[in-house]
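For reference, the structure is listed below as structure tokens.
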Amino acid sequence: MNEFELSLDTVWMLLAAILVFWMQPGFALCEAGFTRSKNTANILMKNFVDFMFGSLLFFFLGFGFMFGNEGAGFIGTANWGYLSFYKGDLPVEGFLIFETVFCATSATIVSGAMAERTKFSTYLIYSAFISLLIYPIEGHWTWGGGWLCNDAADSFMMTTFGDIFHDFAGSAIVHSVGGVLALIGAMALGPRLGKYSNDGKSRAIPGHNMTLAALGVFILWMGWFGFNPGSQLAASGEVNRIAISHVFLTTNLAAVAGGTATMFLTWIKYGKPSLSLTLNGVLAGLVGITAGCDLVSPFGAVIIGLLCGIALVYSIEFIDRRLHIDDPVGASSVHGVCGILGTLLTGLLSVSNGAFYGHGWGFFGAECFGTLCIVLWAAACGFVLFFGIKKLCGLRVGSRIEEEGLDIYEHGESCYN
């Protein structure tokens with residue numbers, strides 16, 4: 001019976017990994033649709049590179065940095081392609097694949113914010129660094145058994161907050177890291193040509209195909225049913241089947257609440273319900289619920305989705321019009337702002353230990369502290385990485401290449417003929 005349960009759990013984990021991998025084309029189509037046709041081949045190429053580089057680097061080194069030497073404070077031990085160090089009930093090969101698709105997701109988020117003006121050669125460099133070091137190290141602090149999730153009675157988190165940091169499927173660990181890196185990358189690049197007028201007013205640069213963008217969001221939505229429920233890593237037994245069913249429900253409720261909130265808010269603010277922003281509102285709800293999808297009630301999931309859908313609109317406006325940072329797809333708002341917000345709301349709305357359910361403020365404090373550490377880590381690495389690349393070899397293509405499109409100049413072919 002135990003062997004049957006392990007087989008069922010393994011199949012469930014691998015099916016979830018397939019769904020998370022399916023998010024790669026979702027990101028690719030979403031980014032391509034939100035940007036101009038002359039850069040589509042470049043965008044598709046980058047999304048392939050994220051998974052190719054991420055898979056190789058995570059297999060050789062990143063997996064060990066994240067899961068090696070459990071209990072180590074900062075970083076695990078490099079595995080150099082060997083997998084025998086990992087001890088768990090599920091097959092290590094399957095677990096590696098499941099974690100690989102999460103790593104690729106974190107790297108892919110950055111692509112959208114830096115679209116339409118980044119050198120392909122330098123994209124390879126920072127995509128590799130994210131997969132090799134930035135994501136695995138903070139992942140070790142959390143999912144790898146490191147200090148933010150050490151529940152020993154004398155650990156820092158337990159003695160300080162009486163609880164450990166919780167991020168079930170990666171609102172902070174995956175999404176806020178990608179969002180913060182996206183923001184800093186876009187800041188280092190500067191805005192696209194023509195994005196801002198001489199008096200500093202923002203100009204809309206419409207995407208070339210909203211059908212592609214909408215299809216991409218539907219694919220991402222579907223993939224999230226592997227991203228969140230799959231993080232249970234088991235389907236056998238009453239506890240697991242109830243848990244994954246609950247996570248399916250909270251994930252979907254947050255998504256629809258996020259999209260609904262954004263739709264009505266844009267209708268009120270701009271006089272028309274915006275399709276492009278509503279698509280991002282759905283993603284905002286999905287990102288926000290990812291941290292606490294296992295702990296919050298269905299009503300809590302709706303609240304998280306609504307708040308993230310509202311926050312998204314104001315965040316995109318602030319980053320674009322006040323900070324003058326050009327993020328073509330809104331990645332820094334969807335993944336960065338809503339990832340942080342969703343993680344913090346988990347500390348308030350968790351049924352088992354949230355502050356709004358009478359369990360005190362210790363868990364909320366742990367969520368705040370853990371999120372702050374992860375965001376500061378991503379921000380520090382992002383500044384060194386992007387401004388370092390900019391200083392050494394340049395991040396941005398020339399103005400002529402940007403005006404005529406990256407497809408021909410960077411790849412020698414066009415997506416549309």
Could you list the residues that satisfy side-chain hydrogen bond (donor to acceptor under 3.5 Å, both in side chains) with [X], not counting sequence neighbours?
{"X": "Ser315", "answer": "Ser333"}
{"X": "Glu404", "answer": "Arg400, Tyr409"}
{"X": "Glu410", "answer": "none"}

Hey, is the main chain of [Y] close enough, under 3.5 Å, to the side chain of [X] for a donor-acceptor pair?
{"X": "Ser176", "Y": "Gly336", "value": "no"}
{"X": "Ser55", "Y": "Met52", "value": "no"}
{"X": "Glu367", "Y": "Leu345", "value": "no"}
{"X": "Asp9", "Y": "Ser236", "value": "yes"}
{"X": "Thr40", "Y": "Ser37", "value": "yes"}
{"X": "Arg396", "Y": "Leu189", "value": "yes"}
{"X": "Asn79", "Y": "Leu83", "value": "no"}
{"X": "Asp167", "Y": "Ile173", "value": "yes"}
{"X": "Thr122", "Y": "Thr118", "value": "no"}
{"X": "Asn417", "Y": "Ser414", "value": "yes"}

Discussion item. Tell me every residue that passes ring-ring contact (aromatic ring centres under 6.0 Å, His included) with Phe227, counting only those two or more places apart in sequence or in another chain.
Written reply: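 So Phe227 forms a ring-ring contact (aromatic ring centres under 6.0 Å, His included) with Phe102, His175, Trp224.
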
Worksheet entry | Sequence-distant partners of Phe48, ring-ring contact (aromatic ring centres under 6.0 Å, His included), two or more places apart |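 Phe48 satisfies ring-ring contact (aromatic ring centres under 6.0 Å, His included) with no residue once adjacent residues are dropped.
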
[atom2] on [Y] to [atom1] on [X], rounded to 0.5 Å:
{"X": "Cys103", "Y": "Ile130", "atom1": "SG", "atom2": "CD1", "value": "9.0 Å"}
{"X": "Phe225", "Y": "Leu286", "atom1": "CZ", "atom2": "CG", "value": "7.5 Å"}
{"X": "Leu275", "Y": "Met210", "atom1": "CG", "atom2": "CE", "value": "4.0 Å"}
{"X": "Phe59", "Y": "Trp80", "atom1": "CZ", "atom2": "CH2", "value": "12.5 Å"}
{"X": "Phe67", "Y": "Leu96", "atom1": "CZ", "atom2": "CG", "value": "9.5 Å"}
{"X": "Ile164", "Y": "Trp147", "atom1": "CD1", "atom2": "CH2", "value": "13.0 Å"}

Item to complete: Answer yes or no: is there an ion pair linking Glu403 with Lys38, defined by an N-O contact shorter than 4.0 Å?
Response: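 Salt bridge: no.
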
Other residues, nucleotides, ligands: >12 heavy atoms within 6.0 Å of [X] [atom1]:
{"X": "Phe156", "atom1": "CZ", "value": "yes"}
{"X": "Phe95", "atom1": "CZ", "value": "yes"}
{"X": "Tyr357", "atom1": "OH", "value": "yes"}
{"X": "Phe218", "atom1": "CZ", "value": "no"}

Is the [X]-[Y] ring centre distance short of 6.0 angstrom?
{"X": "Phe318", "Y": "Tyr314", "answer": "no"}
{"X": "His208", "Y": "Tyr416", "answer": "yes"}
{"X": "Phe51", "Y": "Phe21", "answer": "yes"}

Return the minimal non-hydrogen interatomic distance between [X] and [Y], and the atom names on each side.
{"X": "Met66", "Y": "Tyr135", "answer": "CE-OH, 3.6 Å"}
{"X": "Val329", "Y": "Ala113", "answer": "CG2-N, 4.1 Å"}
{"X": "Leu295", "Y": "Ser352", "answer": "CD2-OG, 3.8 Å"}
{"X": "Met158", "Y": "Ala153", "answer": "CB-O, 3.9 Å"}
{"X": "Val110", "Y": "Gly178", "answer": "CG2-O, 3.8 Å"}
{"X": "Val174", "Y": "Ile109", "answer": "O-CD1, 4.0 Å"}

Fill in: Check: Phe363 and Ser350 side chains under 4.5 Å, non-hydrogen atoms
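In contact.
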
Item to complete: May I have the step-by-step check of ring-ring contact (aromatic ring centres under 6.0 Å, His included) for Phe364 and His359, ending in yes or no?
Response: CA-CA 10 Å; Phe364 179 69; His359 299 289; over 10 Å; no

Discussion item. Students often mix this up, so state it plainly: with edges at 30° and 60°, are the rings of Phe120 and His411 parallel, tilted or perpendicular?
Written reply: perpendicular

Practice prompt. Hey, can you tell me if Phe369 and Phe161 have their rings parallel, tilted or perpendicular (30° and 60° cut-offs)?
Written response: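 Answer is tilted, since the angle falls between 30° and 60°.
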
Could you list the donor-acceptor pairs under 3.5 angstrom formed by side chains in residues 301-309, with sequence neighbours left out?
none

Among all residues two or more places apart in sequence or in another chain, which pass the side chain to side chain contact (heavy atoms under 4.5 Å, CB included) test with [X]?
{"X": "Phe356", "answer": "Leu348, Leu349, Trp361"}
{"X": "Ser274", "answer": "Thr266, Ser276, Leu277"}
{"X": "Pro328", "answer": "Thr35, Ala115, Arg117, Arg192, Asp326"}
{"X": "Met263", "answer": "Pro273, Thr278"}

Item to complete: Check the pair Asp50 / Ser127 against side-chain hydrogen bond (donor to acceptor under 3.5 Å, both in side chains), numbers first and verdict last.
Response: CA-CA 6 Å; Asp50 285 329; Ser127 179; 2.8 Å; yes

Under 3.5 Å, side-chain donor or acceptor atoms of residues 241-254 against the rest of the protein: list the pairs with distances, not counting sequence neighbours.
| from | atom 1 | to | atom 2 | distance (Å) |
| --- | --- | --- | --- | --- |
| Ser245 | OG | Arg241 | O | 2.7 |
| His246 | NE2 | Val296 | O | 2.8 |
| Thr250 | OG1 | His246 | O | 3.2 |
| Thr250 | OG1 | Val247 | O | 3.2 |
| Thr250 | OG1 | Cys293 | O | 2.9 |
| Thr251 | OG1 | Asn228 | ND2 | 3.1 |
| Thr251 | OG1 | Val247 | O | 2.7 |
| Asn252 | OD1 | Trp221 | NE1 | 3.3 |

Donor-acceptor pairs under 3.5 angstrom involving side-chain atoms of residues 373-393: please list them, not counting sequence neighbours.
| from | atom 1 | to | atom 2 | distance (Å) |
| --- | --- | --- | --- | --- |
| Trp377 | NE1 | Ile134 | O | 3.0 |
| Lys390 | NZ | Ala188 | O | 2.8 |

Worksheet entry | Matching residue for Met157 among Asp163, Asp151, Leu148 - test: side chain to side chain contact (heavy atoms under 4.5 Å, CB included) |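 The option that passes is Leu148.
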
Practice prompt. For the pair Asn39 and Asp407, evaluate side-chain hydrogen bond (donor to acceptor under 3.5 Å, both in side chains) and give the outcome as yes or no after the intermediate values.
Written response: CA-CA 5 Å; Asn39 300 308; Asp407 287 0; over 6 Å; no

